[in-house]
Amino acid sequence: MQRDALDSRFFAVDGSPPVRWRIADGLVPYPDAVETMEREVAAIAAGEADELVWLVEHPPLYTAGTSADAADLVMPDRFPVFSTGRGGEYTYHGPGQRVVYVMLDLKRRRQDVRAFVAALEDLVIRTLASMNVTGERREDRVGVWVRRPEKAPLPDGTPVEDKIAAIGIRLRRWVSFHGLSLNVDPDLDHFGGIVPCGIRGHGVTSLVDLGLPVMMEDADMRLRDAFDAVFGPTVAEPTARSAVRSPAGDAPARS
């Protein structure tokens with residue numbers, strides 16, 4: 001079954017507490033983020049903590065997923081490179097990009113990795129739709145893509161599509177970590193040091209590149225609204241900026 005046909009609603013079972021919603025201040029070093037995820041995932045799996053979504057920005061860096069090809073690291077000395085346990089290949093993180101680390105217990109939801117990836121894609125697609133941007137899935141490429149008809153087609157006549165969001169996850173005891181990255185206003189030139197997600201021919205874009213002068217805070221609010229619709233209610237941690245929200249409706253994955 002194609003991912004478009006999967007039910008992307010991923011609510012927890014009745015009686016589950018809302019998902020903690022955390023927004024980091026400043027740029028979070030990548031090793032610190034991994035350490036935090038490891039600790040939180042262990043606590044969630046042990047039943048000692050509620051599920052968590054953590055929104056961060058990183059300093060400029062590249063990460064290598066479990067399928068990364070060394071040939072796709074075009075400029076190995078440009079930024080720090082971190083090996084990571086998520087699925088996928090090389091990707092870039094940096095200021096202006098919202099990284100969303102999603103730590104959910106799929107035992108409380110649905111133990112279906114493909115449907116979970118589809119739900120994360122739906123989260124991004126709904127976020128983009130709230131800004132009148134059409135994001136789309138591609139069965140042969142995980143992530144969310146935007147058509148660019150204003151650009152010249154590829155030499156074989158294929159229309160150009162740019163990636164606006166990457167997805168790469170890992171599961172441990174059916175608790176997810178890593179997640180997705182949405183390009184709000186990163187320096188797109190920084191993607192030139194890698195072949196993003198191993199895909200040649202198509203490029204990358206951002207909300208600002210598409211002509212939307214979106215601030216990170218606005219993107220965060222829209223992400224949270226979309227998350228509530230797909231995964232269920234959230235509650236802000238004390239350092240975040242809003243209160244409980246209600247849902248609007250009833251193995252590693254590649255980036």
Side-chain angles (χ1 to χ4, degrees), residues 1 3-24 33-56 66 84-88 98-127 137 142-144 165-182 220-240 242-255:
M1 181 182 294
R3 293 197 309 282
D4 271 338
L6 295 172
D7 180 2
S8 61
R9 292 175 302 172
F10 233 79
F11 292 170
V13 297
D14 290 345
S16 297
V19 177
R20 292 177 292 149
W21 189 266
R22 177 187 301 172
I23 302 176
V34 173
E35 180 181 354
T36 297
M37 280 192 288
E38 292 278 357
R39 182 174 63 251
E40 292 283 358
V41 165
I44 293 167
E48 299 168 353
D50 295 335
E51 298 170 300
L52 172 66
V53 172
W54 186 29
L55 283 66
V56 310
T66 54
T84 179
R86 63 159 176 81
R98 177 52 86 200
V99 178
V100 183
Y101 290 128
V102 181
M103 289 160 266
L104 299 182
D105 186 352
L106 301 196
K107 297 189 302 296
R108 306 182 196 177
R109 297 173 180 270
R110 211 179 336 151
Q111 292 172 265
D112 185 330
V113 177
R114 289 188 74 243
F116 180 54
V117 171
L120 293 174
E121 290 171 334
D122 192 35
L123 163 61
V124 175
I125 290 168
R126 288 172 181 261
T127 301
R137 294 182 179 90
V142 171
V144 178
I167 293 172
I169 65 167
R170 182 179 179 184
L171 297 177
R172 179 179 298 154
R173 296 171 61 187
W174 286 104
V175 178
S176 66
F177 53 124
H178 300 283
L180 65 92
S181 57
L182 173 65
D220 289 347
M221 288 188 293
R222 294 173 186 272
L223 279 163
R224 189 173 177 187
D225 286 340
F227 184 93
D228 290 350
V230 176
F231 291 98
T234 55
V235 59
E237 291 200 329
T239 55
S242 53
V244 177
R245 306 285 285 274
S246 298
D250 252 301
R254 297 184 300 109
S255 62

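Predicted model only: the values in this text are computed from it and were never measured.
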Where Phe231 and Leu120 come nearest, the two heavy atoms and their spacing = CZ-CD2, 3.9 Å
NE2 of His178 to CE of Met103, rounded to nearest 0.5 Å, is 9.5 Å
Backbone of Val102 reached by a side-chain donor or acceptor of Ser176 within 3.5 Å = yes
Ser16 side chain to Ala12 backbone, donor-acceptor under 3.5 Å | no
So, Arg9 side chain and Ala119 main chain: donor-acceptor pair closer than 3.5 Å or not?
-> no
4.5 Å side-chain heavy-atom contact, Phe227 and Val19 | yes
Identify the heavy atoms of Ile44 and Leu52 that sit nearest to each other, and give their distance.
-> CD1-N, 4.1 Å
The residue among Val99, Ile167, Ile169 that forms side-chain contact (heavy atoms from CB on, under 4.5 Å) with Leu180 is Ile167
Within a strict 4.5 Å, meaning less than it, do heavy atoms of the Leu104 and Val175 side chains meet?
-> no
Taking the side chain as every heavy atom from C-beta outward, state whether Arg39 and Val41 have any atom pair closer than 4.5 Å.
-> no
Of all heavy-atom pairs linking Pro17 and Asp50, the shortest is CG-OD1, 3.2 Å
Just wondering, do Thr66 and Arg170 contact through their side chains at under 4.5 Å, heavy atoms?
-> no
Identify, with sequence neighbours excluded, every residue that meets side-chain contact (heavy atoms from CB on, under 4.5 Å) alongside Ala33.
-> Val28, Trp54, His58, Tyr101
Give the minimum heavy-atom separation between Glu51 and Arg108, together with the two atoms involved.
-> CG-NH1, 3.8 Å
Using modelled atom types only, decide if a donor and an acceptor are shared between the side chain of Arg98 and the backbone of Val56 within a distance under 3.5 Å.
-> yes
side-chain contact (heavy atoms from CB on, under 4.5 Å) involving Ala165 - partner list, sequence neighbours excluded | Val124, Val144, Leu182
Grab the two heavy atoms, one from Glu121 and one from Gly143, that are nearest each other, plus how far apart they are.
-> OE2-N, 3.3 Å
So, does Lys107 use its side chain to make a donor-acceptor pair with the main chain of Arg173 at under 3.5 Å?
-> yes
Check whether any side-chain heavy atom of Glu38 lies under 4.5 Å from a side-chain heavy atom of Phe177, and answer yes or no.
-> yes
Atom CH2 of Trp174 and atom CG of Asp105: how far apart are they, to the nearest 0.5 Å?
-> 10.5 Å
Check: Phe10 main-chain N/O paired with Arg109 side-chain donor or acceptor under 3.5 Å = yes
Value rounded to 0.5 Å, distance of CZ in Arg22 from OG1 in Thr234 | 13.5 Å
Determine the minimum heavy-atom distance between Arg126 and Ala226, stating which atoms define it.
-> CB-CB, 3.8 Å
Has the side chain of Glu237 got a donor or acceptor atom that lies under 3.5 Å from a matching backbone atom of Trp21?
-> no
